[in-house]
Each structure stands twice: as C-alpha cells, then as structure tokens.
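If you read the sequence from its start, that first residue is 1, and numbering goes on from there.
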Amino acid sequence: VQLQASGGGLVQAGGSLTLSCAASGSIFSMNDMGWYRQAPGKERELVAGITSGGSTNYAYNVKGRFTISRDNAKNTVYLQMNSLKPEDTAVYYCNVEYSSSRFPFNTLNAWGQGTQVTVSS
C-alpha cells in the first residue's frame with residue numbers, strides 16, 4: 001500500500017492549509033486514519049484521528065482549528081487547518097490502518113512520506 005500526502009507549504013500565521021493523503025494498493029477496507037506531526041527536536045505526536053464510522057479526536061492544541069475528514073470511496077483522508085500558528089510548523093504524516101485485500105487478509109498499518117507545513121509569524 002502506498003500513501004501519497006500533499007498540500008503542505010508555507011503560510012502566514014492565521015492562514016489555512018488543507019492536507020490530503022490518498023491510499024492505493026491492495027486495500028479491502030480502510031479502518032482508522034489519522035494525521036501526526038513531528039517538529040524539529042520533538043517526538044511525533046497525534047494531531048487528529050478519524051474512525052471508519054466517522055468519529056473524530058483531536059489534540060488539545062488544535063481542537064477548534066483543525067478538522068479531519070475522510071472520503072472512503074477515494075481512500076483519502078484530509079486535514080483542514082485553519083488559524084495556523086507558528087507552533088504548528090512541522091512535518092505532517094498520515095497514518096492508516098487497513099484490511100488487506102491479499103491473503104491472509106491481515107489488518108495492517110501504513111505511513112505516508114510526510115509533507116512540510118511551515119507557518120511564519
């Protein structure tokens with residue numbers, strides 16, 4: 001399975017960006033999907049997650065500013081980021097749990113390649 005993330009870039013504080021991550025390959029179904037980020041010198045942290053049923057959860061410091069969503073028909077997860085702050089600067093990674101369409105049809109996990117988000121003050 002390959003995950004292709006896009007949408008990162010440079011934006012001024014207060015601006016908005018939308019990240020997308022499309023999965024392709026031997027996928028029977030997508031389960032939980034999420035976005036993580038890693039700033040220089042810091043550990044990777046969960047930003048937002050969404051279950052197959054559409055339930056969402058957010059890190060406390062992005063709640064109310066970020067919105068995660070998914071399009072199951074396209075095997076794609078999105079992250080709408082509004083009111084961006086300099087402290088949101090990081091490499092953002094998508095992560096998906098999926099059921100493989102290949103025998104033995106395991107539940108597997110995959111990471112995207114990361115997309116840089118830089119917020120200037």
K.L.:
Could I get the full list of side-chain contact (heavy atoms from CB on, under 4.5 Å) partners for Lys85, not counting sequence neighbours?
P.N.:
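Here the qualifying residues are Arg65, Glu87, Asp88.
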K.L.:
Between Tyr78 and Asp71, is the side-chain contact (heavy atoms from CB on, under 4.5 Å) condition met? List the steps.
P.N.:
CA-CA 8 Å; Tyr78 304 94; Asp71 184 333; 4.0 Å; yes
K.L.:
Test Trp35 against Asn95 for side-chain contact (heavy atoms from CB on, under 4.5 Å), laying out the working first.
P.N.:
CA-CA 6 Å; Trp35 287 95; Asn95 177 268; over 6 Å; no
K.L.:
Quick one: which residue pairs count as a side-chain hydrogen bond (donor to acceptor under 3.5 Å, both in side chains) with a foot in residues 111-121, not counting sequence neighbours?
P.N.:
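Checked against side-chain hydrogen bond (donor to acceptor under 3.5 Å, both in side chains) - neighbours excluded - the pairs reaching residues 111-121 are Gln116-Thr118.
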K.L.:
Would a single hydrophobic cluster contain both Tyr58 and Tyr92, if residues Ile, Leu, Val, Met, Phe, Trp and Tyr are joined by side-chain heavy-atom contacts under 4.5 Å?
P.N.:
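Result: yes, single cluster for both.
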K.L.:
Verify, without hydrogens or angle tests, whether Thr89 (side chain) and Val119 (backbone) share a donor-acceptor contact under 3.5 angstrom.
P.N.:
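Yes: the side chain of Thr89 pairs with the backbone of Val119.
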K.L.:
Evaluate the side-chain proximity of Val96 to Met30: yes if any heavy-atom separation is below 4.5 Å, no if none is.
P.N.:
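A side-chain contact under 4.5 Å exists here.
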K.L.:
Do Arg70 and Thr76 come within less than 4.5 Å of each other through their side chains, counting heavy atoms only?
P.N.:
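Heavy-atom side-chain distance check fails, nothing below 4.5 Å.
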K.L.:
Have Asn31 and Ser52 got a donor and an acceptor in their side chains that come within less than 3.5 Å?
P.N.:
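Judged by distance alone, the side chains do not pair up.
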K.L.:
Measuring only between side-chain heavy atoms, which start at C-beta, is Val62 closer than 4.5 Å to Arg37?
P.N.:
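Yes, close enough: below the 4.5 Å cut-off.
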K.L.:
Is any side-chain heavy atom of Tyr36 less than 4.5 Å from a side-chain heavy atom of Cys94?
P.N.:
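A side-chain contact under 4.5 Å is absent here.
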K.L.:
What pair of heavy atoms forms the shortest contact from Val1 to Ala23, and how long is it?
P.N.:
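Closest pair (atom of Val1, atom of Ala23, distance): CG1-CB, 4.5 Å.
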K.L.:
Looking at Met33 and Ile68, what are the two nearest heavy atoms and their distance?
P.N.:
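Answer, listing the atom of Met33 first, then Ile68: O-CD1, 4.1 Å.
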K.L.:
Is Phe105 isolated, or which residues cluster with it under the ILVMFWY side-chain rule of less than 4.5 Å, directly or via members?
P.N.:
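Besides Phe105, the hydrophobic cluster comprises Phe103, listed by chain and residue number.
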K.L.:
The test is side-chain contact (heavy atoms from CB on, under 4.5 Å); show your working for Ile50 and Val77 and say whether it passes.
P.N.:
CA-CA 9 Å; Ile50 185 167; Val77 61; 4.3 Å; yes
K.L.:
Testing the 3.5 Å rule here: is there a donor-acceptor pair between the side chains of Ser6 and Ser20?
P.N.:
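Yes.
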K.L.:
Give, for atom OG1 of Thr56 and atom CZ of Phe66, the distance between the pair rounded to the nearest 0.5 Å.
P.N.:
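These two atoms lie 14.0 Å from each other.
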K.L.:
For a side-chain contact (heavy atoms from CB on, under 4.5 Å) check, start with the C-alpha distance between Thr51 and Asn57, then their side-chain angles and the critical distance, and finish with the verdict.
P.N.:
CA-CA 9 Å; Thr51 69; Asn57 63 286; 5.9 Å; no
K.L.:
Which atom names give the shortest non-hydrogen contact between Gln38 and Lys42, and what distance separates them?
P.N.:
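Nearest heavy atoms, Gln38 then Lys42: NE2-O, 3.1 Å.
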K.L.:
So is Arg44 actually on top of Tyr93's ring, under 6.0 Å and inside 45° of the axis?
P.N.:
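Judged by the rule, Arg44 and Tyr93 form a cation-pi pair.
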K.L.:
Of all heavy-atom pairs between Leu79 and Ala48, which one has the smallest distance, and what is that distance?
P.N.:
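That would be CD1-CB, 4.1 Å.
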K.L.:
Would you give the length of the straight line joining atom OG of Ser100 to atom CG of Leu108, rounded to the nearest 0.5 angstrom?
P.N.:
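Between Ser100 OG and Leu108 CG, I get 5.5 Å after rounding to 0.5 Å.
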K.L.:
How long is the straight-line distance from CZ of Phe28 back to OG of Ser101, given to the nearest 0.5 Å?
P.N.:
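So the gap between those two atoms works out to 9.0 Å.
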K.L.:
Which of these, Val11, Leu19, Val47, sits in a side chain to side chain contact (heavy atoms under 4.5 Å, CB included) with Met81?
P.N.:
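Exactly one pass, corresponding to Leu19.
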K.L.:
Nearest 0.5 Å, please: how far is CD in Gln12 from CG in Leu10?
P.N.:
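Separation between the atoms: 8.0 Å.
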K.L.:
Restricting to non-hydrogen atoms, name the atom on Leu17 and the atom on Gly7 that form the minimum distance, rounded to 0.1 Å.
P.N.:
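Of all heavy-atom pairs spanning Leu17 and Gly7, the closest is CD2-O, 3.8 Å.
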